[in-house]
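A short worksheet on the structure shown next.
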There are 2 protein chains.
Amino acid sequence: MGSRGQPEESRAAILQAAAKEFAENGIAGARTDAIAREARVNKALLYYYFKDKETLYGAVLDHAFSGMKTNVFRALDSDLPPREKIMAYVGAYFDFIASNQIYPKLMQREMMRAREGNSIHIDRLVKTYFQPIYRRVGELLHKGIAEGEFRKVDPAHFVPSMVAMIVFYFSSAPVMQRIVRFNPLTPQRIAERRAAVMDFISAALFLPCSSAAPSSRKSGVHQ
Amino acid sequence: MGSRGQPEESRAAILQAAAKEFAENGIAGARTDAIAREARVNKALLYYYFKDKETLYGAVLDHAFSGMKTNVFRALDSDLPPREKIMAYVGAYFDFIASNQIYPKLMQREMMRAREGNSIHIDRLVKTYFQPIYRRVGELLHKGIAEGEFRKVDPAHFVPSMVAMIVFYFSSAPVMQRIVRFNPLTPQRIAERRAAVMDFISAALFLPCSSAAPSSRKSGVHQ
DNA sequence: TTGCACTAATTAACCAGTTAGTTAGATTAT
DNA sequence: ATAATCTAACTAACTGGTTAATTAGTGCAA
């Protein structure tokens, strides 16, 4: 072997392998040996780039959530009217999760770790990623309500409901598959889910009709 | 001390302590020492009553989900009309989770463990608890649709959405608390959530009105 | 010839599971 | 009745396999 595998590549390989291992097994269940093997580097290299397992875990979380933030802010920064913007936001969020299916697992794992000083990462994550997104969505909802487009929803209930419908679908897919006897993660089924979520959200959020545009919503919810 | 602490009590204490420890830390993160300490018994007693850590974990899951099944089947077995029955079911499910807040964590943890032969419990749990409930709810939705009370929803999307809104709210509460700066788990807030979920569900499921009864739904969604 | 990228080998700690018992009380024998 | 025997319930102390983390280096490029 020898050195020089392009350091950035090694670092990235470690980060990616770690993301997978942490998502599948949680920080306690993750094995540093497994991460090193998957990344095809020596285990000691993990400690060369990252202080310890916990720090590596933190880096994985930052990488994941900063990707998400970038993605949804593209929608939130656009100058669409409220209805279209919230749909663009939900769509962007859904698509990001759908094409990075280890992230919902990472996210839920970290959420469950967050009670008391249990996780040293959660405060940073909230401040850097969750707060800014939540704030912007809150403002957006407020605007939509003020303009008579949205029902009077409380962001503190609306946002977790929306996140739940997206995140939970993917993280519960393996169980769902055993219940319903088909794979919920085929492109076909994922597209269905996307439509179901969008429809569910519109049904719960939009007022029947304020001026002209008949909402894009079709007949059925969830399907 | 000495022996005879009433064996049933010891077993129950172990099960309860284990449920807490597994919910908080997952099976990999849970410490058998911690379980024994919390249950105020010697660690070897865990192995006297349960073969090993994995078996104890399985017993915890069975205990939790059988409680849930009993509870929601009370609603599903009642002879209410579809609208009222689905609301009774959702309410029962919500109340069960709300008063056993370690269960949503146990549930999500087990869901994330379910890919490939990873969990030896999931097949049993699906067959014993999830399948029967899912089947009954599916029939109920079907009936409601046939009677023109419900929109044409797909149970494979409706059920996970419903579960998500309930389960995710509780398991994400510690993070949510940091985002919104208030405690989402006060009785007050939990009651709000219950109303929000019921309202969200009705909005997405019920057809405007089929005959007489104006749905109990009031103005706002989520709040 | 310095410092960056990297590794083989080792270490210390942790933790599930075991062992070798003890104790309380029920059951049987006398 | 009561001493002898048995068994379920329980414990203190230990063990060994696992695993995060370290060390003491090597090779290479500028």
Side-chain angles (χ1 to χ4, degrees), chain A residues 1-61 106 109-110 113 117-121, chain B residues 1-61 106 109-110 113 117-121:
Chain A
M1 287 286 139
S3 49
R4 195 56 23 125
Q6 231 57 330
E8 279 311 313
E9 256 178 58
S10 294
R11 225 191 99 101
I14 291 169
L15 226 39
Q16 198 181 333
K20 195 175 161 196
E21 178 76 6
F22 285 132
E24 297 297 354
N25 307 102
I27 189 172
R31 295 294 155 240
T32 54
D33 289 316
I35 294 170
R37 196 177 339 111
E38 170 88 16
R40 298 166 161 280
V41 298
N42 186 279
K43 183 161 62 129
L45 200 62
L46 310 190
Y47 296 90
Y48 176 68
Y49 285 115
F50 304 94
K51 183 169 159 283
D52 55 19
K53 194 188 187 187
E54 187 72 50
T55 306
L56 174 56
Y57 181 63
V60 164
L61 293 175
L106 276 176
R109 287 226 141 86
E110 188 54 22
R113 233 185 136 215
N118 224 18
S119 167
I120 59 170
H121 309 297
Chain B
M1 289 284 142
S3 49
R4 195 53 26 116
Q6 233 56 330
E8 278 313 312
E9 257 178 58
S10 295
R11 226 192 98 102
I14 291 170
L15 226 39
Q16 197 182 333
K20 196 175 161 195
E21 178 76 6
F22 285 132
E24 296 297 353
N25 305 103
I27 189 172
R31 296 294 155 243
T32 53
D33 289 298
I35 294 170
R37 196 177 340 112
E38 171 86 18
R40 298 164 162 282
V41 299
N42 186 279
K43 182 161 64 128
L45 201 61
L46 311 190
Y47 296 90
Y48 177 69
Y49 285 116
F50 305 94
K51 181 170 161 283
D52 55 19
K53 196 188 187 185
E54 188 71 48
T55 306
L56 174 56
Y57 181 63
V60 165
L61 292 175
L106 276 177
R109 288 226 141 88
E110 188 53 21
R113 233 186 135 216
N118 224 18
S119 166
I120 59 169
H121 309 295

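Protein chains get the first letters and strands the later ones, always in sequence-line order, with residue 1 at the start of each.
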Worksheet entry | Stems formed with participation of DNA chain D [Watson-Crick or G-U wobble, under 3.5 Å, three or more pairs] | C:1-30 with D:1-30
Worksheet item: Could you walk me through whether B/Leu56 and B/Thr32 pass the side chain to side chain contact (heavy atoms under 4.5 Å, CB included) check?
Response: CA-CA 10 Å; B/Leu56 174 56; B/Thr32 53; 5.9 Å; no
Discussion item. Is B/Ser10 close enough to D/dA9 that one of its side-chain N or O atoms is under 4.0 Å from OP1 or OP2 there?
Written reply: no
Discussion item. Please give me every residue in residues 13-41 of chain A whose heavy atoms get under 4.0 Å of an atom in DNA chain D, ordered by residue number.
Written reply: A/Ala30, A/Arg31, A/Thr32
Worksheet item: Say you draw a straight line from CD1 of B/Ile27 to CG of A/Asn25; how long is it, rounded to the nearest 0.5 Å?
Response: 12.0 Å
Worksheet entry | Under the side chain to side chain contact (heavy atoms under 4.5 Å, CB included) test, residues paired with A/Ala39 that sit two or more places apart | A/Ala13, A/Ile14, A/Ala17, A/Val41
Fill in: Between C1' of D/dT22 and CG of A/Asn42, the distance in whole Å
12 Å
Discussion item. For a 4.5 angstrom cut-off between non-hydrogen side-chain atoms, does B/Arg109 reach B/Glu24?
Written reply: no
Worksheet item: If every non-hydrogen atom of B/Lys53 is compared with every non-hydrogen atom of B/Arg31, which pair is closest and at what distance?
Response: NZ-NH1, 4.2 Å
Item to complete: Would you give the length of the straight line joining atom CG of A/Leu15 to atom CD1 of A/Ile35, rounded to the nearest 0.5 angstrom?
Response: 10.0 Å
Discussion item. Going by side chain to side chain donor-acceptor pair (under 3.5 Å), name the pairs with one or both residues in residues 33-49 of chain B, residues two or more places apart or in two chains.
Written reply: B/Lys20-B/Glu38
Worksheet, complete the sentence: Looking only at D/dA8, D/dT22, C/dC6, the nucleotide nearest the B/Tyr48 side chain is D/dA8
Practice prompt. Would you mind telling me which of C/dT18, D/dA9, C/dT7 lies closest to the side-chain atoms of A/Leu45?
Written response: C/dT7
Discussion item. What is the distance, to the nearest angstrom, from the NZ atom on A/Lys43 to the C1' atom on D/dT18?
Written reply: 10 Å
Worksheet entry | Reported CG-to-CD distance for the pair B/Asn118 and B/Glu110, which is rounded to 0.5 angstrom | 9.0 Å
Worksheet item: Where along residues 50-61 of chain B does a heavy atom come under 4.0 Å from DNA chain D, residue by residue in number order?
Response: none
Response to the item:
With sequence neighbours left out, the residues meeting ring pair (Phe, Tyr, Trp, His ring centres under 6.0 Å) with A/Tyr57 are A/Phe22, A/His121
Practice prompt. Round to a whole Å and report the spacing from OH of B/Tyr47 to C1' of D/dA12.
Written response: 16 Å
